[in-house]
Amino acid sequence: MKRRLVVTRTMPPTVTARVAAAYDARFLDMVGGFDAEIFLAALDGADAVLVTPADRIDAALIALMPVSLKVIGTFSVGTDHIDLDAARASLLAVVNTPDVLSFATAEIALTLMLMAARRAGEGERLVRALAWRGWTPDFMLGSSLEGRTLGILGMGRIGRALARMVDGLSMRVIYHNRTPLPADQAHGAAYYAGEDEFLAACDVLSIHLPGGAATRHWLNADRIARLRPGAIVVNTGRGSTIDDEALIAALRSGRVAAAGLDVFAAEPAVPAGYLDMETVVLLPHLGSATHETRAAMGMLALDGIDAVLDGDHPANQLV
Ligand code: DGY
């Protein structure tokens, strides 16, 4: 008998095909907000679920899950949408999708850096509005990244992929982590143990922190005040790590020159203050959004689910 798997969102075609072939599958194809009632109703007799960062799997929901359920697979590397302690207490395994999205997410960080520095969003809006009056020497000047310092906050897999990627930009790369990396993983980036020294040295701050209580509003008014004046802030980690009111105020005053944001605390809602600011580039959480990456994420999550159901402990099992 096939195992029963509940899938909350529409998956890439190759992932859907594998699920349909290997499982007794229930596809919920949710769009927008997560509907916990529909989800719970579909769980009857389920062995596993495949959820996404848009689905809030909190302790209250976990408490209502059937005993048949053995594993929660998440189509993401981030797990702040799942109460891992509650899963552990309920003897539920959780598997995620590390590694396979690092390059794609670093690409979006680089895209945002370049767009913010070179006013690409503003320029594109101007062209589309038929408001471009022609080339002049003083028209829409931005700043080059050449010779600037990129500060990577959180030198995990994605931060390291970004450090490798900016090689051609002649940037100096520094990073701040709890602990320094072995030299062969740092790709020449200099470790700054002290937060003050790190912030003061950043021309571009690229945030790669996980979500959750420990990192909530990491970039607050106090830390913004310690950033190098005129810095650019980029975030491809989790929106909750930025105090949006503080960043909006700093962008308005020019203390922060520009920002590139791919993630937001209450997605898909975007704080209104950003919307009319030309100096902010806003993307709809595209970090891992390539055909190849999303297919690989689905395959890795399914590999993990299969392994747990087979009684193994796969490398991508967190709990
Ligand atoms: C993740 O995997 O956590 C990403 O945010 C999805 O792009």
Side-chain angles (χ1 to χ4, degrees), residues 7-12 14-16 30-34 49-58 71-84 87 93-113 115 152-162 165 206-216 218-219 233-242 244 259-270 281-305 314-319:
V7 183
T8 57
R9 309 272 167 173
T10 306
M11 292 282 144
T14 49
V15 181
T16 301
M30 288 185 195
V31 178
F34 174 62
V49 291
L50 181 55
V51 303
T52 75
D55 309 325
R56 179 133 301 282
I57 314 297
D58 58 20
V71 51
I72 300 172
T74 182
F75 192 92
S76 61
V77 67
T79 53
D80 51 309
H81 54 295
I82 301 175
D83 190 321
L84 295 181
V94 177
V95 298
N96 71 342
T97 64
D99 291 320
V100 291
L101 46 64
S102 302
F103 194 90
T105 307
E107 282 180 326
I108 288 294
L110 178 60
T111 302
L112 289 171
M113 281 165 57
M115 287 184 76
I152 298 179
L153 176 66
M155 193 73 155
R157 299 178 187 90
I158 298 168
R160 298 201 296 271
L162 180 62
M165 208 174 271
S206 189
I207 303 177
H208 301 272
L209 294 178
T215 58
R216 189 171 179 276
W218 187 93
L219 189 67
V233 171
V234 167
N235 191 12
T236 53
R238 283 292 180 265
S240 58
T241 63
I242 291 183
D244 292 306
L261 307 174
D262 185 44
V263 286
F264 303 91
E267 295 176 9
V270 174
V281 182
L282 302 167
L283 294 182
H285 202 148
L286 295 182
S288 62
T290 70
H291 294 290
E292 302 83 349
T293 301
R294 289 283 166 86
M297 290 167 71
M299 293 305 163
L300 183 55
L302 292 176
D303 289 347
I305 289 171
N316 60 331
Q317 181 174 347
L318 300 166
V319 164

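Any value given below was found using the heavy atoms of this structure, including those in side chains, with hydrogens, waters and symmetry copies removed. We count ligands from 1, going down the list as the structure has it; atoms in each ligand are counted the same way.
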Considering the options L286, V281, N235, which one meets the side-chain contact (heavy atoms from CB on, under 4.5 Å) requirement together with D262? L286
In terms of atom number and element, which parts of ligand 1 are under 4.0 angstrom from non-hydrogen atoms of S76? 1 (C), 2 (O), 3 (O)
Between G78 and ligand 1, does any nitrogen or oxygen pair lie at a separation below 3.5 Å? yes
Give me the nearest non-hydrogen protein atom to atom 4 (C) of ligand 1 as residue plus atom name, then the distance to 0.1 Å. H285 NE2, 3.7 Å
Residue portion contacting ligand 1 (non-hydrogen atoms closer than 4.0 Å) for N96: neither
Applying side-chain contact (heavy atoms from CB on, under 4.5 Å) between N96 and each of L300, N316, I82, report the one that passes. N316
Minimum heavy-atom separation for A301 and V95, please, with both atom names. O-CG2, 3.9 Å
Ligand 1 atoms nearer than 4.0 angstrom to some heavy atom of L101 are 2 (O)
min-distance protein heavy atom vs atom 2 (O) of ligand 1 -> V77 N, 2.7 Å
Residue and atom name of the nearest protein heavy atom (relative to atom 3 (O) of ligand 1), distance in Å to one decimal: R238 NH2, 2.7 Å
Determine all donor-acceptor pairs shorter than 3.5 Å in which one atom belongs to a side chain in residues 72-81; sequence neighbours excluded.
unit_1, atom_1, unit_2, atom_2, d
T74, OG1, S76, OG, 2.8
T74, OG1, H81, NE2, 2.8
S76, OG, G78, O, 2.7
D80, OD1, R238, NE, 2.9
H81, NE2, T52, O, 3.4

Distance to 0.1 Å, residue and atom name: give those for the protein heavy atom nearest to atom 7 (O) of ligand 1. S288 OG, 2.8 Å
Counting only heavy atoms not in R9 (residues, nucleotides, ligands), do more than 12 fall under 6.0 Å from its CZ? yes
If we only count heavy atoms from C-beta on, is the V49 to T8 side-chain gap below 4.5 Å? no
